[in-house]
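Okay, structure first, notes after.
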Amino acid sequence: MTVHQPNHARVIPLRRGPAPSGPAPSDPAAPRPSDPPAAPREPLWRHLVGDVLRKERQAQERTLKDVADAARISMPYLSEVERGRKEASSEVLAAAAGALGLGLGDLLARTHAELVRVTSRRTAVGTRPVVRDGSAHNGLCLAA
């Protein structure tokens, strides 16, 4: 049986990288000095969508309350979506986009453009090879 310190949970990260409070020195999952540096993380879709919604709302000089009321969703929930803390359903995303005068396709297209912009910065420094297949979407297919 393993003995744990009271009020201390053992955290085993899914990916190598810094732990929120720092791993215990005896933690076998802790990165060792001999480990290669961790590759940069891929951006999460919910963060990108939230950024696009927030930028559009701010560009229109509208408040969270105004957009949330127009979309018929709660203001705290819209705030969480904009901050990338909630994975919103397609219905919520369509409502938020509609409140901003966008269609769901417009929101997804802008989010895709943001994804390409963010990941191309990392590709430019050689972290991943660029694959060009001749398609207009670089192999990315989005479905709502």
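None of these values were measured; they are calculated from a predicted model.
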Restricting to side-chain hydrogen bond (donor to acceptor under 3.5 Å, both in side chains), what partner residues turn up for R62, sequence neighbours left out?
Q60, D66
Sorted by chain and number, sequence neighbours left out, side-chain hydrogen bond (donor to acceptor under 3.5 Å, both in side chains) with E91 holds for S89
Is there a donor-acceptor contact under 3.5 Å from the side chain of D51 to the main chain of L48?
no
[atom1]-[atom2] distance between [X] and [Y], expressed to the nearest 0.5 angstrom:
X: L115; Y: S120; atom1: CG; atom2: OG; answer: 9.5 Å
X: E80; Y: L78; atom1: CD; atom2: CG; answer: 10.0 Å
X: L107; Y: L53; atom1: CG; atom2: CG; answer: 5.0 Å

Is there a side-chain contact between [X] and [Y], using heavy atoms and a 4.5 Å cut-off?
X: R54; Y: R83; result: yes
X: E82; Y: L64; result: yes
X: L102; Y: R110; result: yes

Y77 and E87: which non-hydrogen atoms are nearest, and at how many Å?
OH-O, 4.1 Å
Closest approach of A70 to A99 (non-hydrogen atoms, all atoms of both residues):
CB-CB, 3.7 Å
